[in-house]
Enquirer: 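Structure provided below as structure tokens; questions to follow.
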There are 2 protein chains.
Amino acid sequence: MQQRNADRTRSRILDAATDEFAALGIAGARVNRIAEVAGCNKAMLYAYYGNKDQLFDAVFTAYVEKYLEEVGFDADDLPEYAGRVFDYFEEHPHHLRLAVWYRLERPESSRLEAVLAVNASRLAELEKARRAGRIRSDFKPVELLSLVQSIATSWSSMNPEFAAAAPISRARRRRAVVTAVAKLLDR
Amino acid sequence: MQQRNADRTRSRILDAATDEFAALGIAGARVNRIAEVAGCNKAMLYAYYGNKDQLFDAVFTAYVEKYLEEVGFDADDLPEYAGRVFDYFEEHPHHLRLAVWYRLERPESSRLEAVLAVNASRLAELEKARRAGRIRSDFKPVELLSLVQSIATSWSSMNPEFAAAAPISRARRRRAVVTAVAKLLDR
DNA sequence: TGGAGCTAACCAACCAGTCGGTTACATAGG
DNA sequence: CCTATGTAACCGACTGGTTGGTTAGCTCCA
């Protein structure tokens, strides 16, 4: 096994940082701990990623890319899209936490260009589907997208109170999400 | 004007702490800044509230009490209940941030008894309404409560991307929330 | 042999929390 | 009505420890 490998070190840092940021956020994360878990010196982290904030950006960008690629979008089948969003966050609970930290700890000004672009394109797709009559709903595209997004993430690890009060299987929770979105589209 | 007033100082600290914690979370909040904004010495803060974590608890408990009192609950009119939740967080955006910080930064073990109790009682009310035939839905009470909660908070300051992409009035957003919940209950 | 990969040691700034002492105020005694 | 006294409210200054970030230099490999 080679002792020096910049790419491997970079990705080890990114992995460790993902765990740390997901668990504790930007303010709560400790650079020392990230370096320790990554099994390298703290200075490497600064050599590769600049500083703590930029490291978080790198982590968050990597997550967004993976998310967009894996989940995709389908304006013509929003219930199943919601189901895929649900699945993704069930399998990557860390990523939902990252998204929430991002919204809380990042000023509104410094939003990722990519996220804004994706939202705009999805709104356009929804509008297109509406005009083509493939979506018949009184909701505007923005309203639909916002509602679908929150419904899809309504369960997840962010709402553990409910799970504690009345345990419920993953399959059933998924079904609740999918049918809820379907009901949204009824007229 | 009197120079010494324990109650006034306590509440000034609580107000300052509410702003600070809402903006920056527990890890991000600075005790010095809270004392400065409250216009008193940092030591007072420790005399009255113990430490930083306990101060957050005091802030959060105060918010929960206000929220529960102001919003109430109505198992027989979930759409309007969702509307009230929407209104509350529109008028107190700080409080939604507090709730999210709480979920992110507090271990699952240390959840407030009051919150758990309220959830349980609401689930019971929903179940009662279902048995009485006042709610006809395929969703279980837990599913309903979870969905309603996320729909009600789907807009709010937590989803600014959508607002930026397609601005939309508060009244219309409220209507979207209320009708979405109503659609959930259709069969 | 030169530069990229890596490290130990270091630093200034900052942090939550504490401590010894001071001041305003209520009240009791004269 | 005035003043002595006890005490709760308050504060400046400090501390031990931690933080994000840097630097000087070593080591490995092309």
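Everything numeric in this text was worked out from a predicted model, so none of it was measured. Reminder, nothing fancy here: chain letters follow the sequence lines and each chain counts from 1.
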Enquirer: Check every atom of C/dG17, C/dA24, D/dG21 against the side chain of A/Y46 and return the nucleotide holding the closest atom.
Expert: D/dG21
Enquirer: The side chain of B/K52 is closest to which nucleotide in this list: C/dG17, C/dC6, C/dA8?
Expert: C/dG17
Enquirer: For residues 17-38 of chain A, which residues have at least one heavy atom under 4.0 Å from DNA chain C?
Expert: none
Enquirer: Kindly indicate whether a cation-pi arrangement holds for A/R10 with A/Y49, taking the cut-offs as under 6.0 Å to the six-membered ring centre and within 45° of the axis.
Expert: yes
Enquirer: How about B/E91: does its CD atom have over 12 heavy atoms from other parts shown lying under 6.0 Å from it?
Expert: yes
Enquirer: Does the distance from a Lys or Arg side-chain N to an Asp or Glu carboxylate O, for A/E90 and A/R173, drop under 4.0 Å?
Expert: yes
Enquirer: D/dC10 C1' sits how many Å from B/N5 CG, rounded?
Expert: 13 Å
Enquirer: Going by the rule side chain to side chain donor-acceptor pair (under 3.5 Å), which residues pair with A/R84 if we only count those two or more places apart in sequence or in a different chain?
Expert: none
Enquirer: From C-beta outward on B/T9, which listed nucleotide comes closest to its side chain: C/dA4, D/dC10, D/dA9?
Expert: D/dC10
Enquirer: What's the CG-P distance between A/N41 and C/dT7, to the nearest Å?
Expert: 6 Å
Enquirer: Under the side chain to side chain donor-acceptor pair (under 3.5 Å) test, which residues partner B/Y67, sequence neighbours left out?
Expert: B/Q149
Enquirer: Counting C-beta onward and ignoring hydrogens, is there a side-chain heavy-atom pair between A/W155 and A/R170 closer than 4.5 Å?
Expert: no
Enquirer: Can you work out whether B/D53 or A/A6 has the more 5'-proximal nearest nucleotide on DNA chain C?
Expert: A/A6
Enquirer: Take the protein atom CZ of B/R10 and the nucleotide atom P of D/dA9, then report the distance between them rounded to whole Å.
Expert: 9 Å
Enquirer: Start with the C-alpha gap between B/Y46 and B/N41, add the side-chain angles, then the distance that decides, and say whether side-chain contact (heavy atoms from CB on, under 4.5 Å) holds.
Expert: CA-CA 10 Å; B/Y46 288 90; B/N41 191 274; over 6 Å; no
Enquirer: A/Y48 OH to C/dC6 P: how many Å, rounded?
Expert: 4 Å
Enquirer: Would you mind reading off the distance between A/M44 atom CE and D/dG25 atom C1', rounded to a whole angstrom?
Expert: 14 Å
Enquirer: If you look at every strand shown and take non-hydrogen atoms under 4.0 Å, does A/A43 touch a base, only sugar-phosphate, or nothing?
Expert: base
Enquirer: Can you tell me which nucleotide in C/dG5, D/dC11, C/dA24 comes closest to the side chain of B/Q3?
Expert: C/dA24
Enquirer: Just how far, in rounded Å, is C1' of C/dC15 from CG of B/L45?
Expert: 14 Å
Enquirer: If I take atom NZ in residue A/K42 and atom C1' in nucleotide C/dA8, what distance separates them, rounded to the nearest angstrom?
Expert: 11 Å
Enquirer: Take atom CZ of A/R8 and atom C1' of C/dA4, then tell me their distance rounded to the nearest Å.
Expert: 15 Å
